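Right, one structure below, let's go through it.
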Amino acid sequence: MAHEHTLMSPTSLASLSTKTSYYLPPWSRPHIIGIAGSSGSGKTSVASQIIKALNVPWTVILSFDNFYRPLSRTQREQAFANEYDFDAPEALDLDMLVDVLTDLRHGKKVEVPVYSFSEHNRTKLSTTIYGANVIILEGIFTLYDPRIVELLDLKVFVDTDLDICMARRLRRDIVHRGRELKGAMKQWFSFVKPNFERYVRPTMRQADVVVPRGLDNVVAIDMLIKHVQRTLAAKSRLHLEQLGQLVGTTDANTEFAAKAGMDVRVLPQTPQVQAMHTILFNRATTRADFVFYFERLMAILIESALDYVPYEAKKVKTATGREYTGLSATMETCAVSILRAGACFETSLRRILPAIAIGKVLIQSNSRTGEPFLHYLKLPPHIENKFILLVDAQATTGAAAIMAIRVLLDHGAQPENICFVTYLADKRAAIRRILAAYPKVKVVVGKVEDQIRRRFIDTRYFGT
Amino acid sequence: MASNEASSTPTVSITDAPVNVTVLQQTPQLIALYTIIRDVNTQRADFVFYSNRIIRLLVEEGLNHLPVQATSVSTPTDLTYNGLKFQGKICGVSIMRAGESMEQGLRDCCRSVRIGKILIQRDDETAEAKLFYEKLPEDIKDRYVLLLDPMLATGGSAIMAVDVLIAKGVPVERILFVNLISSPEGIAAFAKKFPKLKVITGFIDEGLNDKKFVIPGLGDFGDRYYCI
């Protein structure tokens, strides 16, 4: 993808937003906050407090604890005897952390290792991080490695009195990690404290903000939160502006798309199809009828979308003993529904493809600004080898579809194998924006709308 | 006519047909559905499932030949929407036994549709059609009739069924004959006998073999749907 090769500051994002053919989701440039400080200084609490106050849909706390190097047998024995130095930079796989953070900065999906403190080893598990708007990196060495410092948008140092740090650490080691008091004390005085003075305290001068007394410092935490909120609000404005800029200068319609060689198909508006629209648009229609006609119409729409599946010639023998050369799909079809309205398609999908794998993406727009947010994601495996029907009942601004397509591409889907299927689409906003952002994606629409119509299909279909 | 000359090119329906005949658009996905049901190795579960998908497309196409009337309704968002509403009563008539396989597809599109039956059997010796039984809605003369039979071979039994409907007072232009595969011979026989009757088919095949089966065809539809 053309836009993935550079790191972008908010200013370059703004200049980019005047072009019409890019879409950068919020996570392509997440806000990364680094929090450093001594062990027991309250870094995690400060991070949690910030996240709680931000109330942004997708936030992640990334801890240095996940990046301990796997120990050799000798080192493990030392560790169990409290003689291994976990508080030296060498104990951490900083190269790996830099890689992970760099990928996150570019909006890519990353796998974070899971470290077991009781085993003193990396486990076979990993945690997937994708789609976060805000990432908080916390650990004593957050501000130690210049490669990491460079990737941070906001650098915080929590400067809590070392006596308090020790008390907190001992309590955690003994109560939560099952250590002996003696061993924990030994660790503190031989490694934690000297290393803090040697490696960590000097990094304080890298910080943008030093927070004395940690979580108790209500004023400082509040200022931090306000600052992050302002930055995120500016990002949201740019995001919305950029979605708006995806609309070109001409009035988009399907002829426009056809001329541009794009794959847009609107269901032929036959008498039956028009009569079904009328039933679905009529507020006097009962829900039983609404569900029946919606499913009937969507079955036609899905059959039509399946024309875009790649096919190859196939020779078969018929029961009359003759040969027939027909076609056979070369690729498995899966579906991804944009919740909640996309879920209205599932019965129709299963009627046509009973065994189809259906993934879900929950994207909700802020009711005030209309900015879309990714809340939840579960995709079928190996979408890179599949034809994907991305379904939503209605596309008004196109924002949710554009974000969902970005999600599919980030997970390896090929743009030419994505087919966005929707019942209603606004011609000025939705269709044009989607095609401006992703010219290779196919679009199949049941009815093109001249004006933006409020979402109503899912409410009628589900009755809620 | 598409031919089998190049073996790697899929064969599509003959499209040169009389005006009363509508052939479904030969899209890749329709051809793929036909490839599955034609394949002698396709098991019955798949045969039934994929036939039903084609039948629904045929029924949807058939219903488009029914009249509609302009109407305006109020939307949930309090706007007026100018649209269309269905006009005219319909019913289905299946030619037993194979035609009954199309009833589910019809019901999928028209939930409470009335369905009449006609039993016509082809004499295996003479290939002549013979009427055994009929049970039709009483008011059939006031309805549009979707006549269901999956294969149009010589047209013998379907022509006999149409004669039954006409005898009940159904105007010929209100009869829609819906089938999956037709032979050019059957299409021609229909066009000659009932030029005003509409035929909706998914595929016009190459011709008939000496046993009067459509070729390449798919064999005996009823057998593949119901038994063996």
Side-chain angles (χ1 to χ4, degrees), chain A residues 268-285 288-290 292-293 295-297 299-300 302-330 333 351-354 451 453-457 459-460, chain B residues 4 6-12 25 27-36 38-42 49 53 56-57 60-61 63-69 71-79 81-87 108-109 111 205-206 209 211 213-220 223-224:
Chain A
Q269 303 295 298
T270 63
Q272 285 290 312
V273 167
Q274 290 184 57
M276 284 191 265
H277 293 322
T278 312
I279 291 169
L280 295 173
F281 279 40
N282 187 351
R283 70 170 170 210
T285 300
D289 280 350
F290 187 91
F292 176 81
Y293 286 104
E295 285 173 357
R296 183 178 150 200
L297 190 51
I300 303 175
I302 293 162
E303 292 280 7
S304 173
L306 291 177
D307 268 339
Y308 286 125
V309 176
Y311 292 98
E312 65 181 7
K314 188 189 178 186
K315 217 180 269 187
V316 298
K317 188 164 260 176
T318 76
T320 59
R322 285 284 306 269
E323 226 170 47
Y324 171 76
T325 307
L327 290 171
S328 175
T330 57
T333 299
R351 188 184 281 183
I352 293 165
L353 302 160
Q451 74 220 22
R453 198 180 292 274
R454 218 178 62 210
R455 278 185 176 270
F456 71 98
I457 301 289
T459 309
R460 295 281 274 138
Chain B
N4 311 349
S7 60
S8 60
T9 314
T11 308
V12 298
Q25 206 190 338
T27 62
Q29 80 99 8
L30 183 74
I31 298 302
L33 294 175
Y34 272 101
T35 309
I36 295 170
R38 285 176 187 276
D39 189 343
V40 70
N41 294 315
T42 297
F49 179 80
R53 273 179 63 185
R56 282 204 298 267
L57 295 171
E60 290 288 359
E61 180 55 41
L63 294 175
N64 276 324
H65 294 266
L66 302 178
V68 283
Q69 192 185 39
T71 185
S72 64
V73 297
S74 297
T75 70
T77 48
D78 255 336
L79 299 168
Y81 179 78
N82 297 315
L84 296 175
K85 69 176 176 191
F86 302 131
Q87 270 279 295
D108 286 343
C109 302
R111 278 172 296 183
D205 248 358
E206 190 185 307
N209 66 10
K211 288 179 181 159
F213 271 104
V214 184
I215 49 168
L218 47 70
D220 186 316
D223 279 353
R224 297 202 61 194

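The chains referred to below are lettered A, B, ... by the order of the sequence lines, with proteins before strands, and numbering in each begins at 1. This one's a predicted model, so the numbers in the text were calculated from it and none came from an experiment.
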### Query
When you look at B/D39 and A/K314, which way does the side-chain contact (heavy atoms from CB on, under 4.5 Å) test go after all the steps?
CA-CA 10 Å; B/D39 189 343; A/K314 188 189 178 186; 4.0 Å; yes
To the closest 0.5 Å, what do you measure between [atom1] ([X]) and [atom2] ([Y])?
| X | Y | atom1 | atom2 | result |
| --- | --- | --- | --- | --- |
| B/Y81 | A/I279 | OH | CD1 | 11.0 Å |
| B/T27 | A/Y308 | OG1 | OH | 11.5 Å |
| B/C109 | A/Y293 | SG | OH | 10.0 Å |
| A/S328 | B/L33 | OG | CG | 11.0 Å |
| A/T333 | B/Q29 | OG1 | CD | 10.0 Å |
| A/Q274 | B/N82 | CD | CG | 11.0 Å |

For the candidates [options], which exhibits the highest count of non-hydrogen atom pairs separated by less than 4.5 Å from chain A?
| options | answer |
| --- | --- |
| B/G217, B/P28, B/A32 | B/P28 |
| B/V73, B/L79, B/T35, B/V214 | B/T35 |
| B/I215, B/V68, B/D220, B/L66 | B/I215 |
| B/S72, B/P76, B/G219 | B/P76 |

### Residue pair A/Q269 / B/L84, side-chain heavy-atom distance below 4.5 Å
no
Give, as side chain, backbone, both or neither, the part of [X] having an atom under 4.5 angstrom from any heavy atom of chain B.
| X | answer |
| --- | --- |
| A/I300 | side chain |
| A/Y311 | side chain |
| A/R351 | both |
| A/L280 | neither |

Under 3.5 Å, is there a donor-acceptor pair between the side chain of [X] and the main chain of [Y]?
| X | Y | answer |
| --- | --- | --- |
| A/T278 | B/K85 | no |
| A/R283 | B/S74 | no |
| A/Y324 | B/T11 | yes |

Let me know if [X] has heavy atoms under 4.5 Å from chain A in its side chain, its backbone, both or neither.
| X | answer |
| --- | --- |
| B/R56 | side chain |
| B/L63 | both |
| B/D205 | neither |
| B/I36 | neither |

### Query
Step by step, would you call B/R53 with A/L306 a side-chain contact (heavy atoms from CB on, under 4.5 Å)?
CA-CA 12 Å; B/R53 273 179 63 185; A/L306 291 177; 3.4 Å; yes
### Residue, of A/V273, A/T270, A/L327, A/T285, that accumulates the most heavy atom pairs under 4.5 Å with chain B
A/L327
### Message
Quick one, B/L57 with A/E303, criterion side-chain contact (heavy atoms from CB on, under 4.5 Å). Give me CA distance, side-chain angles, the key distance, then yes/no.
### Response
CA-CA 9 Å; B/L57 295 171; A/E303 292 280 7; 4.0 Å; yes
### Task
Establish, from distance only, whether the side-chain atoms of B/E60 and A/Q272 form a donor-acceptor pair under 3.5 Å.
no
